[in-house]
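As the structure is a prediction and not an experimental result, all values here were calculated from the model. Position 1 is the first residue of the sequence; numbering continues from there. Just so you know, ligand 1 is whichever comes first in the structure, and atom 1 is the first atom listed for that ligand.
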Amino acid sequence: MNLVTMGLTEKIKNDFYTLNTNEEMILGRVALEHKRMYRVWTEQGELLCEVSGRFSFNALNREDFPAVGDWVALKPRSNEGKGTILAILPRKSKFSRKSAGLTAEEQIVATNVDTVFLVNSLNEDLNLRRIERYLLLAWESGANPVIILSKADLCHDLELKLIEVEAISLGGVPVIAVSAETMSGFEKIEPFLQPGETIALLGSSGVGKSTLTNRLLGREKQVVQDIRLTDDKGRHTTTHRELILLPNGCVLIDTPGMRELQLWESTDGLTETFSEIEQLSSTCRYRDCQHKNEPGCAVVKAIQDGLLLVERLTSYNKLQKELAFIERKADKRAQAEVKKQWKSINKQIKQRKNY
Ligand code: GDP
Ligand code: ZN
């Protein structure tokens, strides 16, 4: 296995050498996790690994354990095809979600993604607010977003849609319209699929992520994903990996967690969260009401009448400002700023929900 094709960079190599005081360690990339057992790609082939006892002891949280996409330092165990993971190398990016429950534990669903394709269908009514939320999610992760507008063959006003979406990305994020039917637009995706790059797809169910993956693979995904392996008893077993090598040497991460991120996105979405304010706004006297002290403001009235918490409006205004902010600026510094503020908004919303 060629680790450079799998995304190994000089930076990771250096991190590894700094850490490797023990000559017996080798580098690997996690391709699958199942109940704290890891399938790791190494130069010696795929090894089935566990974390060391010391690693477990030091790992305080779930995010301290390896996740799909992670580069790890491990010690192979003789010729058994097994190994022990001793450390995780610094993550370049990570996608995570908070698991529901009393403690907001972070569950990492994919790491070290270079480019994330935010897939949105041109078929259903294209939701610009949703794209903005995906953009925030991508920036939060550290991966570079590319907006993919799928099912272009079903769209009658493509030009207009492109203008609308480009307006929120402000030239800072590429916007590509594709059709898996006519194969239009795929040539614009190609440049992002460089050997050694790691990509991931994010988008609601039904927008065409599987179809896109199949087109990128050039054949049915299952055929490629199913690697025939010999198990302990010498039988051939078929299993899938969540790290997929595309024909041109690009790595695609496709984990169930990555697919479920959209569920989290849609249930916790801000439109729903602030739906009562959106609804009230529509009855304000002025259409462009800022809900400050304009006459006939339904939102302020609701607060005065004790029907709406003033903190709700504060959060809402904050979010509106954030969104306007990214619309104005798409540079790195602005993104970092948005990330910071986004975190506090999220926290406020959570507190509100815990009432
Ligand atoms: P996923 O849930 O995001 O993985 O979506 P799928 O890849 O399963 O696609 C959902 C449906 O959309 C399927 O019926 C696909 O055939 C259809 N679809 C996907 N891409 C296109 C496209 O470019 N054009 C058209 N017309 N249909 C598409
Ligand atoms: Zn108002």
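Closest to atom 23 (O) of ligand 1 among all protein heavy atoms lies A180 N, 2.7 Å. Among protein heavy atoms, atom 7 (O) of ligand 1 sits closest to T211 OG1, 2.6 Å. What sits closest to atom 2 (O) of ligand 1 on the protein, heavy atoms only, is G206 N, 2.7 Å.
Counting atoms of ligand 1 from 1 in the listed order, those under 4.0 Å from a heavy atom of V207 are 3 (O), 5 (O). Shown in contact with L154 at under 4.0 Å from a heavy atom are these atoms of ligand 1, numbered in order with element: 26 (N). Close contacts of ligand 1 with S179, meaning ligand atoms under 4.0 Å from a residue heavy atom, involve 23 (O). Taking every non-hydrogen atom of S210 and a distance limit under 4.0 Å, the qualifying atoms of ligand 1 come out as 1 (P), 4 (O), 7 (O).
Salt-bridge annotation for E164 and K161: absent, with no side-chain N of the basic residue lying under 4.0 Å from a carboxylate O of the acidic one. We find that K92 and D114 are joined by a salt bridge, their nearest charged nitrogen and carboxylate oxygen being less than 4.0 Å apart.
In this structure, R54 places its CZ atom where only 12 or fewer heavy-atom neighbours from other residues, nucleotides or ligands lie under 6.0 Å away.
Between I244 and V251, the closest side-chain pair of non-hydrogen atoms is not below 4.5 Å.
Vertex the Zn ion (ligand 2); arms to C289 atom SG and C297 atom SG; angle 110° (nearest 10°).
Using a non-hydrogen distance threshold of 4.0 Å, G203 does not register as a contact of ligand 1. Not close to ligand 1: S150, with no non-hydrogen atom less than 4.0 angstrom away.
E33 places no side-chain N or O within 3.5 Å of a backbone atom of V30 that could act as its donor or acceptor partner. No donor-acceptor distance shorter than 3.5 angstrom exists from the side chain of N14 to the backbone of K11, with no hydrogens or angles considered. At least one donor-acceptor pair closer than 3.5 Å links the side chain of T255 to the backbone N or O of V109.
Taking each of K151, K209, E181 in turn, the one with a heavy atom nearest to atom 18 (N) of ligand 1 proves to be K151. In this structure, of L149, N123, D153, the residue bringing a heavy atom nearest to atom 22 (C) of ligand 1 is D153. The residue among G208, A177, C155 with a heavy atom at the shortest distance from atom 9 (O) of ligand 1 is G208.
H291 contributes atom ND1 as its closest N/O/S atom to the Zn ion (ligand 2).
Both tests pass for R36 against the ring of F65: distance under 6.0 Å to the centre and angle within 45° of the axis.
Among the candidates L243, V40, L8, the single residue satisfying the side chain to side chain contact (heavy atoms under 4.5 Å, CB included) test with R29 is L243.
Under the 3.5 Å distance criterion, with hydrogens and angles disregarded, a donor-acceptor pair is assigned to the side chains of T111 and D70.
Remark: atom 15 (C) of ligand 1 lies closer than 4.0 Å to at least one protein heavy atom.
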